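Worksheet: the structure to be examined is printed underneath.
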Amino acid sequence: MELLDHWHPVCLSRELTHRPLRVWLGGVPYALFRSDGTVGALPDACPHRGMRLSTGRVRGGRLICPYHGWSFDAAGAGRAPGTPQMRPHTACLEAVERDGAVWMRRPGAASVFPAVGPGGYHPVSVTRHRAAAPLETTMDNFTEVEHTGVVHWMLGYAPEAAEAVQVEVTATPATVRVYNRGPQRPLPAPIRALVGLGTADDFVDDWTSHFSPVHTLFEQYWIDRATEQRRPATVRIAVVYTPVHADVTDIYTFVHTNAQGSGPRSLALRLLLRTFAEIEVRLDASLLSSLADPRPGLEGRRLGRFDKALRLQRQRIERLYRGAP
Amino acid sequence: MERETTETFVLGAGPTGLAVAACLRGRGLAFIQVDAAASVGSTWRGHYDRLHLHTMKAHSALPGLPFPDTAPRYPSRDQVVAYLEAYAAHHGLTPRLGERVQRARQAGDGWAIETDRRLYQARRLVVASGYNAVPRVPTWPGQPGFPGPIVHSRAYRSGAAYRGQRVVVVGNGNSGAEIALDLWEQGAAAVTLVLGGPRYVVPREVAGLGAQQVSLACTRLPRRVADAIARRTTRLAVGDLRPYGFREPKAGPITEVEVHGRVALIDVGTIALIKQGRIGTLVGLARFDGADVVGEDGRRVTADAVILATGYRAGLEAFLDVAAEVVDDRGYPRWHGVACPGHPGLYFAGFRNPATGALRESALEAERIAAAIAGA
């Protein structure tokens, strides 16, 4: 399988309005547009004289080229007003709108849709952040907790407790799973109360990376160290890494929780999670832009015990995502 | 054959049977509980992989034990099974498993129940064998000529087995819609849902409020008012689905459930894919023609496999002597959670599936039955 064979999120649902939108995937531009409740995705160059279709407009479910008025539907079937007998056709991609994002792939590809919306959990937020780093380097940031103490303000483990964090890595041919457990960093009392945490809790960050498309599913929860009982709150986060260009990656974050009901407490908790996800991912994305050497290669790097998953993930990206033998 | 006498015989160790047993135990009443399967909650264990409760856990708990706090709002199949196991352990229930009831008949002032191991005599018989005990498998003209597999949803586990195939799913109930969604997600080449009779479609949640919560609120209103509200809400929430072949029932949504026993389809994402043209629809299955599935309007779809999400029946007539006198024309008991008139000591529980939640209903019926038995 190649890049286009996998389902990739290419924009958020709310980013695609009644106007067409130019998006990039793997360094290639596409024009997205809404057409009678569905989404169309065409290469962003009119087959006629190469105009950007994304600068056109949508009428009657068809994307109209701003140069000569040729128009195309979501299946790529075109009409040339000046030459009605001509049936200009452009390639189309399969696009679908799900879980608050627009996804795209080559029509008829044999890929499986990623499980970003965990059944049964309540959706909290969907966001997109852009990192100026290749896919591998971006993914590295999300699949290692050593940085959390330094970079983040709420997520993860305190820097001074990093030594106590347990890291278990297990891999199958199609997945890489990492289980982390360590002391939750100190949090303000109101936040502890809202999430339902004590002062001596362990934070568990249990994630599994999948490779069609490249994405990581996180399950995050807390354990009371005294009783070994799991706290009620669970957060499920799916992060999908979309390669926009070779050195630019979009991070799509889908946050879900088991928090119940529509009372003020659960609304406040969802608001907190929303804000937290937005800030923490933004911190990651901006941090990645400061890498002196963002190249994906691991040769010559001094890797620690938190970095075990990195090599395993790279092997699977090559084989499952890029289709290397 | 071994003979045993007991106060109450509980047939079934699914959610309802366990709830009945727990309520009897809570009142200190003697009973024997039997189930043909090797474990509690066997029907739930056999469901497809992606199944979740369509109702909220807060409104789906059985008497005496809530779902764990760590479970999501809509627990998964595995979480329901784990809950049922915990429920049995919590109430100290030890049903006799792997023992199949072959015949139950009125005898003396009670009931004689014959299993493949023993003969029981009980004052009361509580039948909680489940409304989905036996797959309903209709047949159509031309079906023997269809070259691919035709399987009932009971045998369906995951869409992974159908990757790259053209699959037709028959039945617009919750299972049919969810299986169609699963097939699409797992990479089936084409998925078509065959819609049956008129049916309402409701989203699982609107603005954080569950369909079940809305239904619960409506039970307090006069039916006409409730119907009007529910019809309006439904239309607003899912839009006009007629262009896709859905038909709206004549009666209001609440009447549909309460009078006709037809629950609305609780959508978990299938409708969006139908609207986007990713899942096709066909109205009514008329016949098979070679590898084609032909709709009532003559439209045809070529398929590699067909999944029948055509539902289940209770199958009471298979073992219950008086079945003909106590069931309706669909084969379900006419009385729920109360003693059957004319058949003292006979109770049915867990044969209804209201919009307010089947498990919630089971829990209520179990309490009612235990109270009736304790008071008798």
Side-chain angles (χ1 to χ4, degrees), chain A residues 1 5-7 13 34-40 61 73-75 94-100 102-103 105 107-124 196 204 212 219 221-223 229-236 256-263 266-267 270, chain B residues 49-59 66-80 158-160 162-166 178 181-190 204-210 213 239-241 243-244 268-279:
Chain A
M1 291 225 272
D5 292 327
H6 309 284
W7 283 112
S13 286
R34 293 196 179 274
S35 162
D36 302 328
T38 71
V39 175
D73 68 11
E94 192 178 352
V96 69
E97 197 169 6
R98 294 200 78 196
D99 300 301
V102 175
W103 304 70
R105 73 167 179 182
S111 48
V112 171
F113 197 85
V116 297
Y121 284 71
H122 193 90
V124 172
V204 176
S212 176
E219 176 158 336
Y221 55 92
W222 291 265
I223 294 173
Q229 288 290 307
R230 189 167 155 171
R231 300 283 186 194
T234 300
V235 184
R236 289 256 184 122
H256 290 75
T257 173
N258 63 345
Q260 291 269 343
S262 40
S266 70
L267 286 177
R270 292 211 281 271
Chain B
D49 293 348
R50 72 164 288 148
L51 179 69
H52 284 74
L53 265 184
H54 288 79
T55 52
M56 293 180 186
K57 67 169 182 176
H59 298 298
F67 268 89
D69 287 343
T70 51
R73 195 176 216 190
Y74 301 94
S76 67
R77 176 196 67 185
D78 294 344
Q79 284 159 336
V80 172
S158 150
Y162 300 91
R163 197 162 299 161
Q165 297 190 25
R166 295 161 298 178
E178 197 163 357
L181 180 66
D182 191 45
L183 286 163
W184 180 84
E185 286 182 350
Q186 303 285 333
R204 189 168 66 180
E205 284 189 4
V206 188
L209 210 59
Q213 287 171 319
D240 187 3
L241 296 177
Y244 310 99
V268 292
T270 315
I271 297 300
L273 289 174
I274 290 175
K275 285 182 174 175
Q276 295 177 57
R278 299 292 160 221
I279 293 177

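What you see is a predicted model, and the numbers here were worked out from it, not measured in a lab. Hydrogens, waters and symmetry mates play no part in the numbers below; they use all other heavy atoms, side chains included.
- The candidate with the highest count of non-hydrogen atom pairs below 4.5 Å against chain B, out of A:Asp36, A:Thr234, A:Val39, A:Val112, is A:Val112.
- To the nearest 0.5 Å, atoms CE (B:Met56) and NE2 (A:His122) are separated by 8.5 Å.
- The CG atom of A:Asn258 sits 9.5 Å away from the CD atom of B:Gln79 when rounded to the nearest 0.5 Å.
- Of the possible polar contacts, one joining the B:Arg278 side chain to the A:Ala95 backbone as a donor-acceptor pair under 3.5 Å is found.
- Checking side-chain atoms of B:Gln276 against main-chain N and O of A:Glu97 turns up a donor-acceptor pair under 3.5 Å.
- In this structure, the portion of B:Leu181 lying under 4.5 Å from any heavy atom of chain A is its side chain and not its backbone.
- Among A:Gly120, A:Gly117, A:Ala109, A:Ala74, the residue making the largest number of heavy-atom pairs under 4.5 Å with chain B is A:Gly120.
- Contacts between A:Ser111 and chain B at a heavy-atom distance below 4.5 Å involve the backbone alone (N, CA, C, O).
- Heavy-atom distances place the backbone of A:Arg231, and not its side chain, under 4.5 Å from chain B.
- In terms of heavy-atom pairs under 4.5 angstrom with chain A, the leader among B:Gln186, B:Lys275, B:His54, B:Arg50 is B:Gln186.
- Taking CZ of A:Arg230 as the start and CG of B:Asp69 as the end, the distance is 11.0 Å to the nearest 0.5 Å.
- Chain B forms more heavy-atom pairs under 4.5 Å with one residue of A:Tyr121, A:Tyr221, A:Trp7 than with any other, namely A:Tyr121.
- Contacts of B:Leu51 with chain A are absent, with no heavy-atom separation under 4.5 Å from either backbone or side chain.
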